[in-house]
Number of protein chains: 2
Amino acid sequence: MSSNGSFGPARAADWSNVRERLRASGLRWTPQRRTLIEVLSRTNGHVTGAELVERCREVDPGTIPSTVYRTLDVMEDLGLLSHSHGADGREEFHVQPVAAHGHLHCTSCGTTWEILADEAAAVVDSMQRSRGFAVDLSHLSIAGQCAGCSAKPAG
Amino acid sequence: MSSNGSFGPARAADWSNVRERLRASGLRWTPQRRTLIEVLSRTNGHVTGAELVERCREVDPGTIPSTVYRTLDVMEDLGLLSHSHGADGREEFHVQPVAAHGHLHCTSCGTTWEILADEAAAVVDSMQRSRGFAVDLSHLSIAGQCAGCSAKPAG
DNA sequence: CGCCATATTGCAACATGTCGCAAGTGCATG
DNA sequence: CATGCACTTGCGACATGTTGCAATATGGCG
């Protein structure tokens, strides 16, 4: 389990000093990690694990999936990205977020929208008050039917 | 994608007339489905797909996973159960629910709690108001840190 | 009761991750 | 620059699902 300790408004990821950050934690700088970081640094928004593996292979065809997933876990511990699970359960990584946000997924039309902090305040505050539970907004994914699909007769 | 058309307070599942319901939809009654339904009818609360496959094998050792998953999909369309994804992305099926509910999962200690409708009202209402989005409470899974873990120094 | 259309099954291949382990390598040190 | 610890990688096996296809079985009909 990769835990980031503090949730909250996001800082834009800074890929320039990853090497130092790794070293500061006693971790190592390797070609494989360099590849993934290169890919991540030019990625904005959401990507699935499979997509990242694919892009790494474009840079280095010898990329091994398990290495990518393990490195992603490390990056998450470093707070450089976060992940949640889409409506289908697949992993969804959030890179260089402008702000921490969750997702709204319509099970009828498949569209996904982002939920920003102020919009999610209701959930976050409510869980904090009733349970003292600190919601990880970046891991939040809500499924249901969007306005458009609710309006129509039936799926 | 299996869609249940109407979300809302749950009716307790009635396994006694599944056969008729299947027929009414032009679907068939098979030994494999009978096995799964037998298992489901004595299951309460949450189960993962793998657990259901396992239990079906206890009844019929010849059970094939893909058949179970496909039948679960059919049962979901019939409204007999619903599913969401745990914090790890695995499927989690909800059988014979006393009421539709979501889940709260602590990423530090791994504990899971249920969120009942009234507690989730804040989320549901808020999304309905701001977006006209009908949240599927039974598919809702929120991750974060529970009160206990937040209190402690760090994971 | 036998026929037939088509819903289902079984199986194998694939997709997306996770895990254990032995071999390899980064890098702090001498 | 050589050495060595322990962090990483590569790889294969496994876990959990999904999907295409050919073979099979259900159930309405004559």
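Since we're looking at a predicted model, the values are computed, not measured. First the proteins, then the strands, lettered A, B, ... as listed; each starts at 1.
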Checklist entry - Just to confirm, is there a sub-4.0 Å distance from OP1 or OP2 of dT8(C) to any side-chain nitrogen or oxygen of R70(B)? => result no
Item to check | Partner residues of R33(B) under the side chain to side chain donor-acceptor pair (under 3.5 Å) criterion, sequence neighbours left out | outcome: none
Checklist entry - Judged by atom type as modelled, is there a donor-acceptor pair below 3.5 Å linking the side chain of R34(A) to the main-chain atoms of W29(A)? => result no
Which side-chain N or O atoms in residues 61-72 of chain B pair as donor and acceptor under 3.5 Å with protein atoms at least two apart or in another chain?
from	atom 1	to	atom 2	distance (Å)
T63(B)	OG1	C56(B)	O	3.3
T63(B)	OG1	D60(B)	O	2.6
T71(B)	OG1	T67(B)	O	2.9

Item to check | Rounded distance in Å - CZ (F93(B)) to C1' (dT16(D)) | outcome: 11 Å
Next on the checklist: Any base atoms under 4.0 Å from G89(B), or only sugar-phosphate, or nothing? Heavy atoms, all strands.
Outcome noted: nothing
Next on the checklist: Suppose we screen for side chain to side chain donor-acceptor pair (under 3.5 Å). Which residues come up paired with S41(A), at least two apart in sequence or across chains?
Outcome noted: none
Item to check | Residue mapping more 5' on DNA chain C - nearest nucleotide basis, D88(B) or Q32(B) | outcome: Q32(B)
Checklist entry - Excluding sequence neighbours, so at least two apart, what forms side-chain contact (heavy atoms from CB on, under 4.5 Å) with D88(A)? => result R90(A)
Checklist outcome for this item: For R28(B), the side chain to side chain donor-acceptor pair (under 3.5 Å) test, sequence neighbours excluded, returns none
Next on the checklist: I need a per-nucleotide contact map over nucleotides 25-30 of chain C, read 5' to 3'. Cutoff is protein heavy atoms under 4.0 Å; write B for the base, S for backbone only, - otherwise.
Outcome noted: -BSS--
Checklist entry - What is the distance from CG of L22(B) to P of dT6(C), rounded to the nearest Å? => result 19 Å
Next on the checklist: Evaluate L104(A) against M127(B) for side-chain contact (heavy atoms from CB on, under 4.5 Å), listing each step before the verdict.
Outcome noted: CA-CA 9 Å; L104(A) 213 51; M127(B) 289 304 144; 4.0 Å; yes
Item to check | L36(B) CG - dG10(C) C1' separation (whole Å) | outcome: 16 Å
Checklist entry - Rounded to whole angstrom units, what separation is found between the CE atom of M75(B) and the C1' atom of dT8(C)? => result 12 Å
Next on the checklist: In this structure, how many angstroms lie between the P atom of dT16(C) and the CG atom of L72(A), rounded?
Outcome noted: 14 Å
Item to check | Within residues 46-69 of chain B, residues whose heavy atoms come under 4.0 Å of DNA chain C | outcome: I64(B), S66(B), T67(B)
Checklist outcome for this item: Sequence neighbours excluded, the answer for side-chain contact (heavy atoms from CB on, under 4.5 Å) partners of H85(A) is H83(A), E91(A), H139(A)
Next on the checklist: From CZ of R34(B) over to P of dT26(D), roughly how many Å is that when rounded to an integer?
Outcome noted: 12 Å
Checklist entry - Quick one: R33(A) CZ to dG10(D) P, roughly how many Å, whole number? => result 11 Å
Checklist entry - For R42(A), which residues count as a side chain to side chain donor-acceptor pair (under 3.5 Å) partner, sequence neighbours excluded? => result E38(A)
